[in-house]
Every structure is written in C-alpha cells, then in structure tokens.
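Encoded as structure tokens, the structure appears first; notes follow it.
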Amino acid sequence: MIPLLGLVGGVLLGLVWGPDVPLGLQPYLPIAVIAALDAVFGAVRAVLDGIFNDKVFVVSFLANVVVAAFIVFLGDQLGVGSQLSTGVVVVLGVRIFSNVASIRRHLFRA
C-alpha cells in the first residue's frame, strides 16, 4: 500500500511541479525511462515468481539506467547516437515484452 501511495504522490508532484529537463540531458531521458520500466516489469515478474529481492531490484534499476545512458552517451561521442539508442530501445523492449508475457501467464494461468 505504501509503494502505491508513493507512486501516486510522485506522479501528482510531477504534474503540479512540472520539472524541466535540461537540454543536454533530453536525449538520455527516454532511454532512462525505458531502462527503468525494464527493471520495474522484471520486479513484478520476480514477485509473481516468488523470488523478489529488494536489493537486487534497486541495483538492477540503477544499473539499467546508468548502462543505458552510458551506451547512448558513447554513441553520441562516436557520432552514432541514434543507432545505439535504437539498439538499446530494441533490447530493452524485447525484455519488457518478455516480462509482460510472463506476468500475463501468471495472472491468467495461460
């Protein structure tokens, strides 16, 4: 119940406050969000599998965001930022859909 209240509170705070993302960080935000979603869906799957560990979740969440942002940064430095961004989105997208499929199988016993 407390995590749900934290989520609702965070969303409301974001809507009211409306923070601006600095121009230099804007290319990294969508990748960071997708990496964070991958960790969240992985955590939901782990809860349903009965193997959730909060320390693993926090490390996975932070590592996913940092590594994804680093890959995009490296791509920008090499002049191939959009290609590496696309690669990160594809890889994390596949992981997200895989986790969602597993969650669906757990919930609907299918």
Side-chain angles (χ1 to χ4, degrees):
M1 185 65 174
I2 291 177
L4 183 61
L5 290 175
L7 177 64
V8 170
V11 168
L12 290 175
L13 186 62
L15 290 173
V16 171
W17 185 36
D20 292 327
V21 178
L23 188 61
L25 297 178
Q26 286 180 358
Y28 306 105
L29 184 62
I31 302 300
V33 169
I34 291 173
L37 283 174
D38 174 50
V40 169
F41 282 115
V44 172
R45 179 181 182 181
V47 166
L48 293 173
D49 287 341
I51 59 171
F52 178 76
N53 182 326
D54 56 345
K55 291 177 185 175
V56 171
F57 169 69
V58 170
V59 170
S60 172
F61 186 90
L62 294 175
N64 279 3
V65 170
V66 169
V67 169
F70 177 73
I71 289 171
V72 173
F73 172 76
L74 185 61
D76 285 344
Q77 299 303 309
L78 296 172
V80 293
S82 62
Q83 289 89 345
L84 283 180
S85 294
T86 302
V88 170
V89 169
V90 168
V91 169
L92 292 176
V94 167
R95 287 174 42 113
I96 289 170
F97 280 107
S98 173
N99 284 329
V100 168
S102 179
I103 293 166
R104 180 180 31 87
R105 284 191 296 273
H106 273 285
L107 294 178
F108 296 115
R109 310 274 189 255

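In this text, all values refer to a predicted model and were calculated from it rather than measured experimentally.
To the nearest 0.5 Å, atoms CZ (R45) and CD1 (I96) are separated by 13.0 Å. Between the CD atom in Q77 and the CZ atom in F70 there is a gap of 9.5 Å [rounded to 0.5 Å]. Expressed to the nearest 0.5 Å, how far CG of L84 lies from CZ of F73 amounts to 12.5 Å. Separating the CG atom in L48 from the CG atom in N99 is a distance of 10.5 Å, to the nearest 0.5 Å.
Hydrophobic cluster membership differs between V94 and F97, with clusters built from Ile, Leu, Val, Met, Phe, Trp and Tyr side chains linked at under 4.5 angstrom. No continuous path of ILVMFWY side-chain contacts below 4.5 Å connects V56 to V66, so the two sit in separate hydrophobic clusters. Tracing side-chain contacts under 4.5 Å through hydrophobic residues (I, L, V, M, F, W, Y), one reaches V72 starting from L29; they form part of the same cluster. At a threshold of 4.5 Å between side-chain heavy atoms, the hydrophobic network of Ile, Leu, Val, Met, Phe, Trp and Tyr places V8 and L13 in two separate groups. Linking ILVMFWY side-chain heavy atoms closer than 4.5 Å, directly or via other members, places L5 and V47 in two distinct hydrophobic clusters.
Residues R95 and N64 share a closest heavy-atom pair of NH2-ND2, 4.2 Å. Scanning both residues, I31 and V89, for their nearest heavy atoms gives CD1-CG2, 3.5 Å. When every heavy atom of G24 is checked against every heavy atom of P27, the shortest pair comes out as O-CD, 3.7 Å. Closest non-hydrogen pair, P19 versus G14, comes out as CD-O, 3.7 Å. A pairwise comparison of heavy atoms in A36 and F61 identifies CB-CE1, 3.4 Å as the closest pair. Taking each heavy atom of L92 and A35 in turn, the nearest pair found is CD1-CA, 3.6 Å.
Within 6.0 Å of the CZ atom in F41, the count of heavy atoms belonging to other residues, nucleotides or ligands does not exceed 12.
Side-chain contact check for I34 versus V88: every heavy-atom pair is 4.5 Å or farther apart. Side-chain contact check for V58 versus D54: every heavy-atom pair is 4.5 Å or farther apart.
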Practice task
Please report the C-alpha distance between I103 and L107 in whole Å, then the side-chain angles of each, then the deciding distance to 0.1 Å, and finally whether the side-chain contact (heavy atoms from CB on, under 4.5 Å) criterion is met.
Solution key: CA-CA 6 Å; I103 293 166; L107 294 178; 3.8 Å; yes

Exercise for the section: Begin with the C-alpha distance, continue with both residues' side-chain angles, and end with the deciding distance and a verdict on side-chain contact (heavy atoms from CB on, under 4.5 Å) for Y28 and D76. Expected result: CA-CA 10 Å; Y28 306 105; D76 285 344; 3.2 Å; yes

